[in-house]
Structure formats: C-alpha cells, structure tokens
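All values below were derived from every heavy atom in this structure, side-chain atoms included, with hydrogens, water molecules and symmetry-related copies excluded. Note that the structure is predicted; figures quoted are calculated from it, not measured. Numbered from 1 within each chain, the chains take letters A, B, ... in sequence-line order.
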Amino acid sequence: MLDKTFEPAAVEQRRYALWEESGAFAADPASGKPPYAIMMPPPNVTGSLHMGHALTFTLQDVLVRYQRMRGRDVLWQPGTDHAGIATEIVVTNQLAERQIDKRSLGRDKFIERVWEWKAESGGTITRQLRRLGASPDWARERFTMDPGLAAAVRRVFVQLYREGLVYRDQRLVNWDPEMHTVISDLEVESRETKGFLWHIRYPVAELPGRFITVATTRPETMLGDTGVAVHPGDPRYADLVGKRVRLPLVGRLIPIIADEYADPETGSGAVKITPAHDFNDFEVGRRHHLDAVNILDRDAHIVIQGNRELQTGFHNLNRDELSWIGSLDGADRLVARGQIIKRLEKLGFLEKVEEHTLMVPHHDRSGVIIEPWLTDQWFCDARVLAAPAITAVEDGRTSFVPRHWENTFFEWLRHIEPWCISRQLWWGHQIPVWYGRQAGRTGLDLDQPQIFVAETEEEAISQAEIYYQSAVRVLAEPPIDTEPFQEAIDRAARGEIYREPIWRDPDVLDTWFSSALWPFSTLGWPEETPELARYYPGNVLVTGFDIIFFWVARMMMMGLHFMGEVPFRTVYIHALVRDERGQKMSKSRGNIIDPLELIDRYGCDALRFTLAALVAPGRDIKLAPSRVEGYRNFATKLWNAARYAQLNGCVPAAGFSPGQCRLTVNRWIATALADCAAAVTSSLDAHRFDEAAGQLYQFVWGTFCDWYIEFSKPILQGEDAAEHHETQATTAWVLGQLLRLLHPIMPFITEELWQYFAGEDAGLLISASWPELSPRKENTLQVAIMDWVIGVISAIRGVRAEMNVPPSVRVPLILKEVSGRADFLEQREQIERLARVELRDDTIPPARGIQLVVHGDAFVLALDGIVDLAREKSRISKEISRADRDIAKFEANLLNKQFRAKARSEVVQELEQRVEGIQRHRDRLQAAHDRIGAGSGP
RNA sequence: GGGCGCGUAGCUCAGCGGGAGAGCACUACGUUGACAUCGUAGGGGUCACUGGUUCAAUCCCAGUCGCGCCCACCA
C-alpha cells in the first residue's frame with residue numbers, strides 16, 4: 001500500500017541504490033543496440049554542486065534516461081577535472097591558513113598535498129551528482145590526471161609540436177604578478193575601475209622648447225617607452241615625425257613615428273609606445289622595429305638596477321636625476337606610479353589630470369590585476385586548428401541548439417589568437433619538454449636552450465644523447481642559479497664527468513588543454529579501443545554558453561585534428577541559472593541557492609522538474625523557490641492520483657489494450673494520453689525540455705486528475721462489473737504509461753510508483769521501454785463527446801458561480817432542444833454529477849433553471865436575462881462577411897487566367913495558402929455564430 | 001566600437017500571422033471517501049513605443065526607448 005504522503009528523502013536513497021546495483025547505468029558496447037553517447041562536462045574534482053551543475057546534469061540525465069528507454073545503448077561518460085588554477089588556489093590558501101608558504105614547501109610536497117586534498121574532497125561532487133539522480137556509467141569514471149589521460153595529453157603535445165602547431169615564442173602575455181603565472185586571454189576579466197588620465201609633456205630633443213603631449217592611465221609604463229606615435233596624416237605633428245623625444249626622468253631618446261594606430265581624434269593625437277607593457281604598443285613596436293624595454297620583474301616591481309635596456313639614456317641624466325630614478329628600484333608599479341606623477345609635476349612635465357573610468361584587466365580566478373609582460377611561453381597555433389572546426393559547423397556536421405550560438409562560435413574562431421598553453425603552476429600536466437645546452441656553446445643560454453620534446457623522460461634522454469653524443473643526466477630543478485650548471489659543463493669539458501645535464505620544463509599545461517581531449521581521451525585514445533570506435537563522436541554535448549570558447553571550441557579543434565571527426569553532433573547550449581531577480585548567483589551577493597537544500601526541502605524530482613520546465617531556449621533561468629514548491633505539489637498530485645487508483649483496485653490487467661475499451665471515457669483518455677506521449681516524444685527529440693515538462697504537467701493535472709479521475713468515480717463505485725473492470729484496467733494502464741513518460745524528468749517518484757502499475761513489464765522503470773503510442777484517429781467521436789461534456793460542465797459551473805448558486809444546491813438543467821447529436825447526451829450522468837445539476841427535458845414544465853440547448857456539436861447555456869447574445873452574434877456576422885469578401889477577392893484573382901499566366905507559381909501558391917487561412921478563420925467564426933444562433937432565444 | 005538576446009497579468013515566464021495563455025500571488029466559495037501540498041469559479045494585460053508589410057500583426061520588417069550579456073578597445 002502506498003503511504004499517505006510521498007517522502008522523497010527515503011525513496012531517493014533507496015531507489016538510487018537499486019538502480020546502481022541493477023547495472024542500469026552501464027554502457028554495453030557488445031549489446032548490438034544503437035549507441036548514444038554524452039560526455040559529461042567534468043566538474044572540478046574538489047568542487048561541490050551548484051545550481052549550474054544541477055541544471056546541466058539534470059538535462060543530461062533526462063536525455064540519457066529517455067534514450068535508454070528508447071532502446072539505445074547509452075554511454076554517459078562521467079569524470080572530474082583537475083582544474084589547475086582553481087585547485088592550486090584552494091590548496092595554497094589552505095596552506096596559508098596554517099602558515100605554510102607554498103614556495104618554501106616545494107613542488108613535490110605541494111603536489112602531494114593537492115592529491116591528499118583530492119582524496120579527501122574528490123568524492124563530494126560525485127556523491128552530490130548521485131543525489132541529483134544522475135545516472136552516468138560510474139564504472140567508467142575518469143579524472144583528467146589519470147595515467148591514461150595524461151599519456152594522451154603528452155601524445156597530443158608531442159604530435160602538435162612535431163607538426164609545428166605547438167611552439168615556444170616570446171610574446172607579450174597576461175601575467176598574474178601574485179601567482180607568478182601567465183594566463184590566457186580568456187581568463188582575463190575586464191573590470192570597470194575609476195582612475196585618472198594623466199597628460200604628460202615630452203620635450204622634443206631637436207627643437208628646444210617644443211613639447212609633444214601624450215596621455216596615459218598607467219604613467220609608470222613611461223619608463224619603458226621607446227617611441228611616440230602620431231597619425232601619418234595629422235598636420236599638427238607632420239614636422240615632428242622622424243624627430244626624437246627626450247623621455248623625462250629616464251633620459252632616453254626615442255623616435256616620433258607615424259602610425260595609423262594613433263587616433264587624431266583621441267586625446268592630443270599623440271600616443272606613447274611601450275612595447276613591453278601594452279598589447280597594441282607591442283604591435284606598433286614590431287612594425288617600427290622599436291626596442292621593447294621591460295621595466296617589471298615577475299612581481300610587477302620596477303627593475304632599475306641591472307636593467308640595461310632601461311638605462312640606455314642614463315648618461316643624459318645628472319646626479320640628482322640618477323639618484324631619484326634609482327630610488328624607484330624594487331617599488332611596486334602602483335607605488336611607483338604615484339612617485340612618478342609627483343616627480344613629473346614637480347619638473348613641469350605634467351600638463352593635466354582628468355578623472356577617467358577605464359577597464360582594468362583582472363585574473364578571473366585570483367582577482368589580481370594583470371600586467372602585460374614579455375616572456376617565453378608555449379603557444380598552440382589555434383588559427384590552423386580552428387579552420388576545420390569552422391567548416392564542420394558551417395556544413396552542419398555539428399550544429400548548435402539554439403542555432404544563434406553558432407555566430408558566437410564563428411566570431412571567436414575567426415579572430416582567434418595564439419593560445420598560450422603554458423602555466424607557471426605546479427598542479428597539472430607538466431609539459432613534456434626537456435631543455436639542454438645548445439651544442440657548440442660553452443655557456444648556458446637560458447633564453448635559447450636546446451629543446452627535446454618527448455612523451456617520456458627515457459625518450460627525452462635518448463634524444464639528448466644522440467644530440468650531444470654523450471651520456472645525459474636529468475637535473476631535478478631547472479638551473480636557476482647558473483653556477484653549478486656551468487661547473488658541470490666545465491667538468492664535462494675537462495673530462496671529469498661524462499654527462500650533459502638536461503632539465504624538464506617546470507611549467508604545466510592550461511587545464512583546458514586536457515579538457516579539450518576529453519571526448520576521446522576518456523575512451524582510451526590513443527589506443528584503438530572498441531569504446532572509441534563506438535561512442536565517438538558523441539550525440540550531444542550539453543553545456544552552458546560561458547564555456548563555448550574555453551571548452552566547446554577546443555574540443556572541436558582537437559577532436560577534428562586527432563580523430564578526424566567532430567566530437568559531437570549537437571551542442572545544446574543552456575543559459576545561466578540566476579536568482580529570482582535575475583542577478584547572477586555569487587557568494588558576495590549572498591544570493592546563492594543551494595540545489596541540495598532545495599532537494600532536502602522539496603525532493604529531487606521537484607527540483608529536476610522545475611529546471612526542465614524553466615529551461616527556455618535562449619533565456620536565463622530566474623529561479624524562484626516558489627516554483628520548486630509548485631512542482632513539489634505536482635509530485636504530490638501524482639502520488640495521490642496513484643493512491644486513488646490503488647484504493648480503487650486499479651491494477652494492470654494482463655493483455656489489456658485500450659483499443660478494446662467500450663466506454664467512451666476510457667477510449668477518450670487513451671487517446672488523450674497517446675497525444676500527450678507523441679508531443680512529449682517530439683519535444684524531447686528537439687531538446688525542448690520545457691515543452692515536455694509542460695505537456696506532462698498539463699496532462700497529469702489538467703486532464704487525468706481533473707477530469708478522468710472524476711469521470712471514473714461513478715463507474716468504479718457503480719454496479720456494472722464489466723465497466724468496473726475496464727475502468728480499473730484503463731486507469732492502471734494510463735498510469736503505467738504516464739510513469740514512463742515522466743521518468744526521465746522525475747525518476748524517483750515514478751520508480752517508486754512503478755511497482756504498482758508496471759503490468760507485465762515488470763522490473764525497474766529505469767529499464768522499461770518508452771511508450772510508442774501513435775495518436776489514435778479512430779476515437780474522434782469519443783474525443784468530441786468528452787470535449788463537449790467538459791465544455792458543458794465548465795460552462796454550467798461558470799453560470800452557477802456567477803449567479804451565486806451554492807454548491808450544495810442541485811439546479812435543474814432544462815434540455816431545451818436537441819438537434820443532430822443526441823449521442824452527446826450519453827454522458828448525462830457525468831454532467832449531472834460534476835455540474836451538480838438535474839437534467840430534465842423540456843417536456844416537464846415549467847421549471848426555472850439553466851437551459852441547455854444542443855445544436856449539432858455546439859451547445860449553449862442560457863439563463864434568463866444574463867446572456868446578451870444578439871450583439872455578439874451581429875459582431876461575428878460582420879466579421880464573417882468581411883472574410884467572405886476577402887475570399888471572394890482572392891479567388892477571383894486566382895481564377896483570372898491572365899493573373900495566372902503572369903504570376904509565378906509561388907505567388908499563386910502563396911495566394912492559395914492565404915485563401916485557405918482565411919477560410920479556416922471563417923469556419924471558426926461560423927461555428928461560434930452557429931452556437932449563438934442555436935440559443936438566441938432564451 | 002562590433003555582436004547577441006530580451007521588454008506579454010503584481011512576480012517568474014510560455015506563445016509568435018487569424019481566439020491573449022501557464023505557474024505563483026490575489027478575491028470569493030467549498031473539507032463531495034485520491035489530494036487543503038486540494039477543489040470550483042473569478043479579477044487583472046493599448047503583448048515597451050513609432051512606422052511599414054498584410055484582407056488580418058503581440059507575432060514579420062525598419063526605427064526609437066529601456067534592460068541584460070559577450071567580444072574588442074578606451075593613449
């Protein structure tokens with residue numbers, strides 16, 4: 001017997017365990033069923049479940065459960081991501097809380113700590129996924145740092161290097177001066193900041209007394225200026241091009257150049273060029289062969305001492321100037337900024353200061369202000385890899401849902417910049433590159449070392465041994481202090497040792513480098529496994545738009561390059577989950593809704609149904625907890641409907657088919673269910689989760705509970721045994737079908753109820769088959785009758801309420817006229833019961849009550865004095881005659897031979913369609929008119 | 001500066017060329033043997049604005065205003 005109320009917590013735990021034990025989640029490559037694969041976007045291994053996860057994994061689970069029921073061999077590939085920077089920050093902060101400094105701890109010890117933290121917290125997210133009801137193939141769970149996946153990463157790196165698509169380059173990069181690492185363009189977040197625009201006068205060296213004014217928001221970068229640019233067509237400065245400026249404070253003479261980059265409209269029209277600390281200036285510098293003077297160290301502190309490039313103008317400085325600039329050495333760039341401004345002002349070089357809001361680049365994870373900095377890094381030639389990815393989406397091998405995201409995808413890929421893939425971190429895939437001294441050089445050149453790229457250390461050693469024609473040893477650390485290294489070389493030269501030292505690149509790869517391989521690395525690549533052959537490419541990727549660039553684009557690039565085929569056919573992009581008021585959820589706003597709390601409060605099914613119902617394409621979800629409560633009530637409703645069925649002995653009958661039913665209500669509900677099933681199926685096929693949820697909600701509550709159950713009551717309590725049995729069986733059958741249709745969205749409650757309504761289809765619901773019901777055309781009469789009955793009952797209820805007739809009063813319903821469709825009145829008892837009326841025909845005089853006039857399949861209710869139908873009727877008449885005029889006009893056109901001869905066929909076709917449209921409209925009007933016509937005389 | 005999306009009931013949102021809808025909230029009535037986490041009925045909208053296309057526009061097109069997001073840039 002079912003409990004009086006549904007208790008989600010107990011049911012969820014019990015049911016999930018049963019599913020997992022049953023093996024229902026497992027993919028079965030040998031099954032012979034058509035495969036269906038979804039790669040789970042791997043959550044951060046040390047993370048915990050948030051609303052975004054709840055949404056994305058619910059949708060994936062809906063698809064996966066649906067496809068399993070449709071007989072596919074489903075692989076939902078689970079796993080977690082090592083999330084390099086995010087995890088490194090977490091562990092570093094944990095250590096800091098215990099007064100342990102990451103750097104003094106050392107690399108090996110630190111990595112050990114991260115693994116410990118992973119062991120400790122790594123199960124959290126997967127446990128929480130289980131609470132959400134997610135059903136991936138847990139036996140195949142992967143982690144991006146598993147040995148197999150690490151090997152795939154090295155293989156990809158080495159191959160791309162050999163193809164010239166991965167290379168080392170000196171470029172300006174985004175540098176985080178606190179974490180001491182480079183980050184990619186995508187990890188930079190511009191934040192609006194209030195600042196100042198300082199206008200500085202630079203004296204022209206050749207023309208004493210003449211100045212050129214430049215403006216800057218970062219005045220400290222002037223130490224690295226190596227030019228001033230003006231627009232070639234700017235008449236104000238035409239005579240200055242080719243002259244030089246004597247850089248204040250620094251003494252360096254730098255050229256005034258003409259470059260289109262300088263915008264005459266902006267500021268003074270002259271712009272200082274700092275190639276080592278600004279991305280645009282870097283390009284300008286390259287075009288004009290300007291030096292790049294680096295003024296910052298890795299802490300973003302000013303470097304004066306020993307900075308040869310910077311000191312090139314120092315011979316122009318007097319002692320006072322020299323000592324002042326020397327005092328800047330080691331200052332943080334923001335501190336130096338203030339000092340430089342003060343100094344410029346004092347010396348009269350500061351023309352003016354304006355308040356100015358500007359976008360300042362920050363590291364999206366650490367929040368630190370990013371400095372453009374010149375270093376050697378590893379890059380991936382994304383431009384080459386992007387081309388096939390663009391083509392694949394253009395020709396539809398992969399398509400996005402909703403479609404418009406393809407524009408975003410194209411836009412980014414078409415303007416893609418080299419992808420900086422090295423990171424100065426410890427947690428991640430260490431780059432498989434070893435360095436050594438260049439042959440023929442006696443000393444060490446750290447800037448231009450010999451490079452050995454190999455998948456393993458043994459391979460790297462053997463490459464190096466061939467190169468040096470000597471034994472090689474691997475240093476534990478890169479030679480930061482060059483002396484021991486030099487000594488080793490000297491000793492080798494003296495013949496005392498016979499080993500060339502090499503050392504491994506200490507950097508790790510961008511986390512997204514390994515994520516990009518996820519669709520094939522998890523399936524065993526580079527081995528040619530059966531799984532790889534079967535489940536690549538996957539059917540659909542479900543993810544948020546925020547990682548189209550980070551992840552989707554890169555999977556496309558890598559998948560096409562290494563597998564020769566797209567990684568997935570469809571990319572389903574869903575929006576963000578925001579709070580009730582549309583604000584992004586964040587800790588600082590304090591508006592985070594915890595999905596687990598909602599599950600505790602309302603049950604997992606309610607949360608899942610809510611998310612599915614709200615995920616309208618192309619729109620963010622604003623999640624109001626009241627909505628979850630509403631769908632919790634829906635679960636309760638379903639539960640109570642099932643209880644009703646059970647209390648009335650509705651059990652599945654062997655061999656039952658709704659086609660055998662004799663009662664109109666039973667045939668009607670079977671047809672309505674079939675229509676619902678067809679609609680839900682096509683919605684899910686189109687990834688319209690909101691429609692599927694809406695159709696089910698409407699059917700369960702609005703059709704099955706509100707009407708069918710009410711209709712069934714007198715039958716189930718009646719005397720006729722055959723009708724009784726038929727209705728019991730139908731009720732159980734409908735519930736059985738409904739549970740299947742609801743299962744992908746509400747797996748727990750449906751599984752719990754399934755045991756009572758499974759019929760011959762015993763076993764777990766998760767393994768049951770999807771209802772394949774074609775909408776029945778043959779029950780049109782039954783459907784028409786019941787629609788009519790429902791309409792009559794609703795209308796009577798409306799009149800009663802309007803007239804304030806108490807529910808307890810049985811009102812006489814006077815049958816005024818019945819023409820055409822007496823068969824509709826077979827349901828007269830249902831009408832009497834549900835509308836609380838007593839049906840009498842007009843031979844019994846002269847009762848006052850509600851009059852029911854039946855005319856064809858239309859009806860009308862009339863009550864003395866309350867319905868003024870005449871006016872409505874004439875309004876509709878006018879509209880009908882207007883439609884008639886239109887139709888006549890178009891049809892005349894169509895019949896006109898000359899018109900046909902002149903107009904092209906599509907014009908004719910369009911006109912015909914138009915006529916058809918108006919005709920339909922007219923028919924509707926006519927029906928309404930007839931309804932009124934039948935009852936015009938109350 | 002480039003691009004995308006959105007303005008429909010008090011709130012959250014569907015709909016998208018011919019009837020303006022759902023859930024929540026609100027009002028009235030109601031405990032009839034599944035369900036008060038409920039039932040029945042009801043109020044509430046110039047579908048942002050202005051033009052255009054059309055026999056017909058909330059829906060298509062153009063523009064305006066407002067909101068949000070992404071990319072680039074701001075010397």
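Spacing of P atoms, B/rA62 relative to B/rC67, comes out at 22 Å, to the nearest Å. Comparing the same atom, C1', in B/rG21 and in B/rA28 gives a spacing of 23 Å after rounding to whole Å.
With A/F349 as the aromatic partner, A/R201 does not meet the cation-pi criteria of under 6.0 angstrom to the ring centre and within 45 degrees of the ring axis.
The salt bridge (charged side-chain N to carboxylate O under 4.0 Å, His left out) search around A/E838 returns A/R840, not counting sequence neighbours. In this structure, A/D546 has no side chain to side chain donor-acceptor pair (under 3.5 Å) partners at least two apart in sequence or on a different chain. Residues forming a salt bridge (charged side-chain N to carboxylate O under 4.0 Å, His left out) with A/R337 (at least two apart in sequence, or on another chain): A/E220. Every side-chain contact (heavy atoms from CB on, under 4.5 Å) that A/D3 has, sequence neighbours left out, goes to A/W639. Scanning for salt bridge (charged side-chain N to carboxylate O under 4.0 Å, His left out) contacts around A/E189 gives A/R191, with sequence neighbours left out. Residues that satisfy the side chain to side chain donor-acceptor pair (under 3.5 Å) test with A/H687, not counting sequence neighbours, are absent from this structure. With sequence neighbours excluded, the residues forming a side-chain contact (heavy atoms from CB on, under 4.5 Å) with A/A292 are A/P275, A/A276, A/L374, listed by chain and number. For A/R688, the side-chain contact (heavy atoms from CB on, under 4.5 Å) test picks out A/P617, A/S683, A/A686, A/D690, A/E691, with sequence neighbours left out.
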Pairs under 3.5 Å (N/O, protein and nucleotides 68-73 of chain B):
{"unit_1": "B/rC73", "atom_1": "O3'", "unit_2": "A/N280", "atom_2": "ND2", "d": "3.4"}

Sugar-phosphate or base contact per nucleotide [nucleotides 34-41 of chain B; S, B, -; heavy atom under 4.0 Å]: BB-BSSSS

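Nucleic acid contact for A/T357: none, since no nucleic acid atom lies under 4.0 Å from a heavy atom of the residue. Using a 4.0 Å heavy-atom distance criterion, A/H415 is classed as making no nucleic acid contact.
Applying the salt bridge (Lys or Arg N to Asp or Glu O under 4.0 Å) rule to pairs touching residues 606-617 of chain A yields A/D61-A/R608, sequence neighbours excluded.
As rounded to whole Å, 12 Å separates atom P of B/rA22 from atom CZ of A/R627.
With a 3.5 Å limit on both pairing distances and Watson-Crick or G-U wobble geometry required, the stems of 3 or more pairs in RNA chain B span B:1-7 with B:65-71, B:10-13 with B:21-24, B:26-30 with B:38-42, B:48-52 with B:60-64.
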